[in-house]
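To find a chain, count down the sequence lines: A is the first, B the second, and so on, and within it residues start at 1. Because the structure is a prediction, the values reported are computed rather than measured.
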There are 2 protein chains.
Amino acid sequence: MIAPVIQDSIRVLQTQGYKVTKPRRQVLGVLEEAQKSLSPYDIQRILRQRGKYLNHVTIYRILHLFCRLNLAHKVLSAGGFVKCVLDKKEGCHRFLICRCCGTLQEFADDELCQHEKKLAQNSGFHTEYHLSESLGICSDCSKKQ
Amino acid sequence: MIAPVIQDSIRVLQTQGYKVTKPRRQVLGVLEEAQKSLSPYDIQRILRQRGKYLNHVTIYRILHLFCRLNLAHKVLSAGGFVKCVLDKKEGCHRFLICRCCGTLQEFADDELCQHEKKLAQNSGFHTEYHLSESLGICSDCSKKQ
DNA sequence: TGCTAATTGCAACAATATTACAATTAACCT
DNA sequence: AGGTTAATTGTAATATTGTTGCAATTAGCA
Ligand SMILES: [Mn+2]
Ligand SMILES: [Mn+2]
Ligand SMILES: [Zn+2]
Ligand SMILES: [Zn+2]
(Lines give C-alpha, C1' and ligand atoms only; values in the text may rest on other atoms or scores of the structure.)
(Ligands and ions follow the chains in the order given, each with its own letter.)
Protein backbone atom coordinates (compact mmCIF):
# COMPACT_ATOMS: atom_id res chain seq x y z
CA MET A 1 0.00 0.00 0.00
CA ILE A 2 1.61 3.23 -1.22
CA ALA A 3 0.63 6.54 0.37
CA PRO A 4 -1.49 8.82 -1.84
CA VAL A 5 0.99 11.72 -1.50
CA ILE A 6 3.63 9.50 -3.04
CA GLN A 7 1.30 8.33 -5.80
CA ASP A 8 0.56 11.94 -6.66
CA SER A 9 4.23 12.91 -6.61
CA ILE A 10 5.13 10.02 -8.90
CA ARG A 11 2.41 11.08 -11.29
CA VAL A 12 3.79 14.64 -11.37
CA LEU A 13 7.28 13.32 -12.14
CA GLN A 14 5.92 11.22 -14.98
CA THR A 15 3.73 13.86 -16.55
CA GLN A 16 6.62 16.34 -16.42
CA GLY A 17 8.90 13.88 -18.17
CA TYR A 18 11.12 12.97 -15.22
CA LYS A 19 12.17 9.40 -14.55
CA VAL A 20 10.80 7.59 -11.54
CA THR A 21 14.08 6.27 -10.20
CA LYS A 22 14.88 4.20 -7.13
CA PRO A 23 16.60 7.13 -5.35
CA ARG A 24 13.62 9.40 -6.00
CA ARG A 25 11.19 6.81 -4.66
CA GLN A 26 13.39 6.29 -1.60
CA VAL A 27 13.54 10.02 -0.80
CA LEU A 28 9.78 10.31 -1.28
CA GLY A 29 9.29 7.37 1.07
CA VAL A 30 11.49 8.76 3.81
CA LEU A 31 9.92 12.22 3.62
CA GLU A 32 6.43 10.77 3.68
CA GLU A 33 7.05 8.62 6.77
CA ALA A 34 8.71 11.41 8.74
CA GLN A 35 6.30 13.64 10.56
CA LYS A 36 9.05 16.26 10.82
CA SER A 37 11.13 18.14 8.32
CA LEU A 38 14.40 16.48 7.30
CA SER A 39 17.71 17.77 6.06
CA PRO A 40 19.43 16.12 3.10
CA TYR A 41 21.85 14.45 5.50
CA ASP A 42 18.99 13.33 7.75
CA ILE A 43 17.52 11.56 4.76
CA GLN A 44 20.87 9.96 3.95
CA ARG A 45 21.26 8.76 7.56
CA ILE A 46 17.78 7.24 7.67
CA LEU A 47 18.31 5.39 4.42
CA ARG A 48 21.75 4.14 5.52
CA GLN A 49 20.18 2.68 8.66
CA ARG A 50 18.08 0.58 6.32
CA GLY A 51 21.11 -0.56 4.37
CA LYS A 52 20.42 1.76 1.43
CA TYR A 53 23.14 4.14 0.31
CA LEU A 54 22.48 7.38 -1.56
CA ASN A 55 25.19 9.92 -2.28
CA HIS A 56 24.45 13.29 -0.68
CA VAL A 57 24.83 15.01 -4.06
CA THR A 58 22.02 12.85 -5.38
CA ILE A 59 19.79 13.75 -2.45
CA TYR A 60 20.46 17.46 -2.96
CA ARG A 61 19.59 17.15 -6.63
CA ILE A 62 16.40 15.26 -5.85
CA LEU A 63 15.31 17.81 -3.24
CA HIS A 64 16.01 20.68 -5.61
CA LEU A 65 13.84 18.98 -8.20
CA PHE A 66 11.04 18.26 -5.71
CA CYS A 67 11.01 21.88 -4.56
CA ARG A 68 11.01 23.11 -8.14
CA LEU A 69 8.00 20.89 -8.88
CA ASN A 70 6.32 21.91 -5.60
CA LEU A 71 6.39 18.35 -4.36
CA ALA A 72 8.32 19.60 -1.32
CA HIS A 73 9.11 22.79 0.55
CA LYS A 74 12.13 24.17 2.28
CA VAL A 75 11.36 25.28 5.80
CA LEU A 76 13.29 27.61 8.03
CA SER A 77 12.59 26.44 11.55
CA ALA A 78 15.28 24.78 13.59
CA GLY A 79 17.67 25.15 10.70
CA GLY A 80 20.71 27.15 9.70
CA PHE A 81 21.24 30.82 9.35
CA VAL A 82 21.76 31.84 5.81
CA LYS A 83 20.02 35.20 5.79
CA CYS A 84 19.08 37.72 8.39
CA VAL A 85 17.25 41.06 8.58
CA LEU A 86 16.65 43.67 11.23
CA ASP A 87 13.26 43.45 12.83
CA LYS A 88 10.93 46.37 12.30
CA LYS A 89 7.53 45.27 13.56
CA GLU A 90 6.58 43.69 16.81
CA GLY A 91 4.60 40.54 17.27
CA CYS A 92 3.99 39.29 13.80
CA HIS A 93 6.62 39.17 11.11
CA ARG A 94 5.59 39.26 7.48
CA PHE A 95 8.07 39.91 4.72
CA LEU A 96 7.57 40.96 1.13
CA ILE A 97 10.65 39.97 -0.81
CA CYS A 98 11.19 41.02 -4.39
CA ARG A 99 12.67 38.24 -6.51
CA CYS A 100 13.81 40.86 -8.97
CA CYS A 101 15.80 43.41 -6.93
CA GLY A 102 15.98 41.48 -3.67
CA THR A 103 14.62 44.26 -1.47
CA LEU A 104 12.64 43.26 1.55
CA GLN A 105 9.92 45.12 3.43
CA GLU A 106 8.23 44.02 6.61
CA PHE A 107 4.60 44.56 7.41
CA ALA A 108 2.28 43.59 10.23
CA ASP A 109 -1.46 43.19 10.43
CA ASP A 110 -3.12 42.35 13.70
CA GLU A 111 -6.37 41.12 12.25
CA LEU A 112 -4.56 38.75 9.89
CA CYS A 113 -2.45 37.44 12.77
CA GLN A 114 -5.42 36.84 15.02
CA HIS A 115 -7.19 34.98 12.23
CA GLU A 116 -4.18 32.81 11.47
CA LYS A 117 -3.67 32.00 15.14
CA LYS A 118 -7.33 31.11 15.51
CA LEU A 119 -7.22 28.73 12.56
CA ALA A 120 -4.21 26.99 14.10
CA GLN A 121 -5.99 26.86 17.45
CA ASN A 122 -8.88 25.06 15.75
CA SER A 123 -6.60 22.07 15.26
CA GLY A 124 -5.37 22.30 18.83
CA PHE A 125 -2.15 24.11 18.01
CA HIS A 126 -0.99 26.94 20.25
CA THR A 127 1.11 29.48 18.30
CA GLU A 128 4.03 31.17 20.05
CA TYR A 129 5.91 32.65 17.12
CA HIS A 130 5.00 33.31 13.55
CA LEU A 131 6.88 34.11 10.38
CA SER A 132 5.58 34.71 6.87
CA GLU A 133 7.37 35.29 3.59
CA SER A 134 5.85 36.40 0.32
CA LEU A 135 8.00 36.27 -2.78
CA GLY A 136 7.04 38.33 -5.77
CA ILE A 137 7.62 41.66 -7.52
CA CYS A 138 7.85 44.99 -5.72
CA SER A 139 6.16 48.14 -7.03
CA ASP A 140 9.44 49.69 -8.27
CA CYS A 141 10.36 46.61 -10.31
CA SER A 142 6.91 46.20 -11.83
CA LYS A 143 6.98 49.84 -12.95
CA LYS A 144 10.33 49.34 -14.68
CA GLN A 145 8.91 46.61 -16.91
CA MET B 1 22.04 61.06 13.00
CA ILE B 2 21.40 57.49 14.12
CA ALA B 3 18.40 55.58 12.74
CA PRO B 4 15.58 54.99 15.24
CA VAL B 5 15.68 51.20 14.69
CA ILE B 6 19.27 51.24 15.86
CA GLN B 7 18.49 53.46 18.83
CA ASP B 8 15.77 51.03 19.88
CA SER B 9 18.03 48.03 19.42
CA ILE B 10 20.76 49.61 21.53
CA ARG B 11 18.24 50.32 24.24
CA VAL B 12 17.14 46.67 24.24
CA LEU B 13 20.74 45.53 24.58
CA GLN B 14 21.29 47.87 27.50
CA THR B 15 18.11 47.03 29.39
CA GLN B 16 18.83 43.32 28.97
CA GLY B 17 22.31 43.77 30.39
CA TYR B 18 24.30 43.26 27.18
CA LYS B 19 27.25 45.47 26.31
CA VAL B 20 26.95 47.91 23.43
CA THR B 21 30.17 47.01 21.66
CA LYS B 22 31.73 48.29 18.47
CA PRO B 23 31.08 45.01 16.58
CA ARG B 24 27.44 45.02 17.63
CA ARG B 25 26.99 48.62 16.51
CA GLN B 26 28.69 47.84 13.21
CA VAL B 27 26.43 44.85 12.50
CA LEU B 28 23.37 46.89 13.41
CA GLY B 29 24.53 49.63 11.06
CA VAL B 30 25.10 47.32 8.10
CA LEU B 31 21.76 45.55 8.59
CA GLU B 32 19.94 48.86 8.88
CA GLU B 33 21.41 50.30 5.68
CA ALA B 34 20.78 47.18 3.61
CA GLN B 35 17.36 46.96 2.11
CA LYS B 36 17.88 43.24 1.62
CA SER B 37 18.58 40.34 3.93
CA LEU B 38 22.26 39.61 4.52
CA SER B 39 24.19 36.48 5.42
CA PRO B 40 26.88 36.60 8.12
CA TYR B 41 29.52 36.55 5.39
CA ASP B 42 27.72 39.30 3.45
CA ILE B 43 28.00 41.45 6.54
CA GLN B 44 31.68 40.62 6.92
CA ARG B 45 32.33 41.50 3.27
CA ILE B 46 30.54 44.86 3.50
CA LEU B 47 32.45 45.84 6.61
CA ARG B 48 35.76 44.74 5.08
CA GLN B 49 35.09 47.02 2.09
CA ARG B 50 35.00 49.85 4.61
CA GLY B 51 38.27 48.80 6.16
CA LYS B 52 36.64 47.26 9.23
CA TYR B 53 37.40 43.65 10.09
CA LEU B 54 35.09 41.40 12.09
CA ASN B 55 35.73 37.72 12.56
CA HIS B 56 32.92 35.58 11.20
CA VAL B 57 32.55 33.84 14.56
CA THR B 58 31.80 37.19 16.13
CA ILE B 59 29.20 37.96 13.50
CA TYR B 60 27.50 34.62 14.05
CA ARG B 61 27.42 35.23 17.78
CA ILE B 62 25.99 38.71 17.31
CA LEU B 63 23.29 37.50 14.91
CA HIS B 64 22.34 34.68 17.27
CA LEU B 65 21.95 37.24 20.03
CA PHE B 66 19.95 39.64 17.87
CA CYS B 67 17.57 36.88 16.83
CA ARG B 68 17.19 35.73 20.44
CA LEU B 69 16.29 39.30 21.44
CA ASN B 70 14.00 39.69 18.42
CA LEU B 71 16.13 42.51 17.06
CA ALA B 72 16.54 40.50 13.87
CA HIS B 73 14.97 37.60 11.99
CA LYS B 74 16.31 34.74 10.00
CA VAL B 75 14.63 34.48 6.60
CA LEU B 76 14.48 31.55 4.26
CA SER B 77 14.27 33.03 0.79
CA ALA B 78 17.17 32.76 -1.59
CA GLY B 79 19.10 30.88 1.04
CA GLY B 80 20.28 27.39 1.82
CA PHE B 81 18.46 24.16 2.23
CA VAL B 82 18.63 22.95 5.73
CA LYS B 83 15.22 21.37 6.08
CA CYS B 84 12.63 20.04 3.72
CA VAL B 85 9.12 18.55 3.88
CA LEU B 86 6.77 16.95 1.44
CA ASP B 87 4.09 19.27 0.18
CA LYS B 88 0.51 18.42 1.04
CA LYS B 89 -1.54 21.47 0.03
CA GLU B 90 -1.64 23.40 -3.15
CA GLY B 91 -1.23 27.12 -3.56
CA CYS B 92 -0.66 28.33 -0.05
CA HIS B 93 1.74 26.71 2.35
CA ARG B 94 1.29 27.18 6.07
CA PHE B 95 3.10 25.04 8.57
CA LEU B 96 2.43 24.41 12.22
CA ILE B 97 5.62 23.20 13.81
CA CYS B 98 5.75 21.92 17.36
CA ARG B 99 8.83 23.13 19.20
CA CYS B 100 8.35 20.29 21.64
CA CYS B 101 8.08 17.13 19.52
CA GLY B 102 9.12 18.64 16.18
CA THR B 103 6.12 17.37 14.23
CA LEU B 104 4.89 19.47 11.38
CA GLN B 105 1.45 19.76 9.86
CA GLU B 106 0.47 21.77 6.83
CA PHE B 107 -2.75 23.66 6.42
CA ALA B 108 -4.24 25.96 3.81
CA ASP B 109 -6.94 28.58 3.96
CA ASP B 110 -8.01 30.39 0.84
CA GLU B 111 -9.64 33.32 2.58
CA LEU B 112 -6.52 33.97 4.65
CA CYS B 113 -4.37 33.77 1.53
CA GLN B 114 -6.50 36.19 -0.43
CA HIS B 115 -6.47 38.64 2.45
CA GLU B 116 -2.69 38.45 2.83
CA LYS B 117 -2.17 38.89 -0.91
CA LYS B 118 -4.48 41.88 -0.94
CA LEU B 119 -2.63 43.58 1.91
CA ALA B 120 0.63 43.12 0.01
CA GLN B 121 -1.02 44.46 -3.15
CA ASN B 122 -1.98 47.60 -1.22
CA SER B 123 1.70 48.51 -1.06
CA GLY B 124 2.17 47.69 -4.73
CA PHE B 125 3.63 44.23 -4.19
CA HIS B 126 2.58 41.36 -6.43
CA THR B 127 2.80 38.00 -4.62
CA GLU B 128 3.86 34.93 -6.58
CA TYR B 129 4.70 32.49 -3.83
CA HIS B 130 3.93 32.41 -0.17
CA LEU B 131 5.19 30.50 2.84
CA SER B 132 4.15 30.71 6.46
CA GLU B 133 5.53 29.04 9.57
CA SER B 134 4.00 29.01 13.01
CA LEU B 135 6.04 27.68 15.89
CA GLY B 136 4.31 26.55 19.02
CA ILE B 137 2.90 23.53 20.84
CA CYS B 138 0.82 20.85 19.16
CA SER B 139 -2.30 19.39 20.73
CA ASP B 140 -0.59 16.11 21.70
CA CYS B 141 2.23 17.86 23.51
CA SER B 142 -0.05 20.27 25.36
CA LYS B 143 -2.15 17.33 26.59
CA LYS B 144 0.94 15.61 27.97
CA GLN B 145 1.74 18.55 30.22
C1' DT C 1 16.66 -7.11 -25.30
C1' DG C 2 19.42 -3.35 -26.67
C1' DC C 3 19.76 2.03 -27.18
C1' DT C 4 20.20 6.46 -25.28
C1' DA C 5 19.20 10.47 -22.73
C1' DA C 6 18.59 11.21 -18.06
C1' DT C 7 20.18 10.28 -13.70
C1' DT C 8 23.42 8.90 -10.20
C1' DG C 9 28.12 8.28 -8.01
C1' DC C 10 32.57 9.95 -7.21
C1' DA C 11 36.14 13.23 -6.19
C1' DA C 12 37.39 17.53 -5.26
C1' DC C 13 36.24 21.73 -3.53
C1' DA C 14 33.57 25.86 -1.67
C1' DA C 15 30.65 27.87 1.63
C1' DT C 16 28.57 27.88 6.05
C1' DA C 17 28.70 27.05 11.05
C1' DT C 18 30.47 25.58 15.69
C1' DT C 19 33.84 24.88 19.60
C1' DA C 20 37.56 25.75 23.01
C1' DC C 21 40.53 28.86 24.71
C1' DA C 22 43.44 33.14 24.79
C1' DA C 23 43.29 38.23 24.23
C1' DT C 24 40.65 42.33 24.55
C1' DT C 25 37.26 45.72 26.10
C1' DA C 26 32.75 48.01 27.92
C1' DA C 27 30.72 49.00 32.11
C1' DC C 28 31.19 49.77 36.71
C1' DC C 29 33.74 51.20 40.70
C1' DT C 30 36.50 54.13 43.23
C1' DA D 1 40.38 59.72 34.89
C1' DG D 2 42.46 55.08 35.98
C1' DG D 3 41.86 50.14 37.65
C1' DT D 4 39.03 45.88 37.86
C1' DT D 5 36.52 42.27 35.98
C1' DA D 6 32.96 39.84 33.68
C1' DA D 7 31.48 39.91 29.12
C1' DT D 8 32.84 39.91 24.54
C1' DT D 9 35.86 39.20 20.63
C1' DG D 10 39.70 36.91 17.93
C1' DT D 11 42.17 32.78 16.67
C1' DA D 12 42.70 28.22 15.24
C1' DA D 13 40.94 24.06 14.41
C1' DT D 14 37.16 21.39 13.02
C1' DA D 15 32.46 20.04 11.59
C1' DT D 16 28.60 20.57 8.68
C1' DT D 17 26.31 21.90 4.56
C1' DG D 18 26.25 22.61 -0.41
C1' DT D 19 28.24 22.75 -5.36
C1' DT D 20 30.71 21.38 -9.70
C1' DG D 21 32.63 18.47 -13.48
C1' DC D 22 32.92 14.19 -15.29
C1' DA D 23 32.59 9.08 -15.51
C1' DA D 24 29.42 5.16 -14.61
C1' DT D 25 24.80 3.56 -14.39
C1' DT D 26 19.88 3.02 -15.33
C1' DA D 27 14.80 4.02 -16.55
C1' DG D 28 12.02 4.33 -20.33
C1' DC D 29 11.34 3.30 -24.86
C1' DA D 30 11.71 0.98 -29.53
MN1 LIG E 1 9.39 41.22 12.78
MN1 LIG F 1 2.47 23.45 0.50
ZN1 LIG G 1 12.07 44.84 -6.76
ZN1 LIG H 1 4.29 18.32 19.77
Among the nucleotides C:dT18, C:dT8, D:dG18, whichever has the atom closest to the side chain of A:Ile62 is C:dT8
Which of the following nucleotides, C:dC10, C:dT18, C:dT7, is nearest to the side chain of A:Lys19? C:dT7
Rounded to whole Å, OH of A:Tyr53 lies from C1' of D:dT25 at a distance of 15 Å
Roughly, in whole Å, what's the span from CG in B:Leu54 to C1' in D:dT8? 12 Å
In whole angstroms, how far is the P atom of C:dC10 from the OH atom of A:Tyr60? 17 Å
Inter-residue atom distance B:Phe95.CZ - B:Thr103.OG1, 0.5 Å rounding: 13.0 Å
Closest to the side chain of A:Val57, out of C:dA27, D:dA27, D:dT19, is D:dT19
What is the distance from NZ of B:Lys74 to C1' of C:dT16, rounded to the nearest Å? 12 Å
Is there a donor-acceptor pair under 3.5 Å between the side chain of A:Lys36 and the backbone N or O of B:Cys101? yes
Can you tell me how far C1' of C:dT25 sits from CZ of B:Arg24, to the nearest Å? 12 Å
Rounded to whole angstroms, how far apart are CG on A:Leu38 and P on D:dG18? 13 Å
Spell out, as yes or no, whether a donor-acceptor pair under 3.5 Å connects the side chain of A:Arg94 to the backbone of A:Glu133. no
Can you check whether B:Arg61 has a side-chain N or O nearer than 4.0 Å to OP1 or OP2 of D:dT8? no
Considering just the side-chain nitrogens and oxygens of A:Thr58, establish if one lies under 4.0 Å of OP1 or OP2 belonging to C:dG9. yes
Separation of atom OH in A:Tyr18 from atom P in C:dT7, rounded to whole Å: 7 Å
Toward the 5' end of DNA chain D, which comes first, A:Lys22 or B:Gly17, by nearest nucleotide? B:Gly17
Examine the side chains of B:Ser132 and A:Glu116 and answer whether a donor and an acceptor come within less than 3.5 Å of each other. yes
Could you give the CZ-to-C1' distance, from B:Arg45 to C:dA14, as a whole number of Å? 13 Å
Nearest-neighbour nucleotide for the A:Asn55 side chain, C:dT7, C:dA17, C:dC10 considered: C:dC10
Polar side-chain atom of B:Gln44 near backbone of B:Leu54 as donor-acceptor pair, under 3.5 Å: yes
From the options D:dT8, C:dT18, C:dG9, select the nucleotide whose nearest atom is closest to the side chain of B:His64. C:dT18
So, is B:Ser39 close to the C:dA15 phosphate, meaning a side-chain N or O under 4.0 Å from OP1 or OP2? no
Base of C:dT18, side chain of B:His56 - is there a donor-acceptor contact under 3.5 Å? yes
Please check the phosphate of C:dT16 (OP1 and OP2 only) for any side-chain N or O of B:Tyr41 closer than 4.0 Å. no
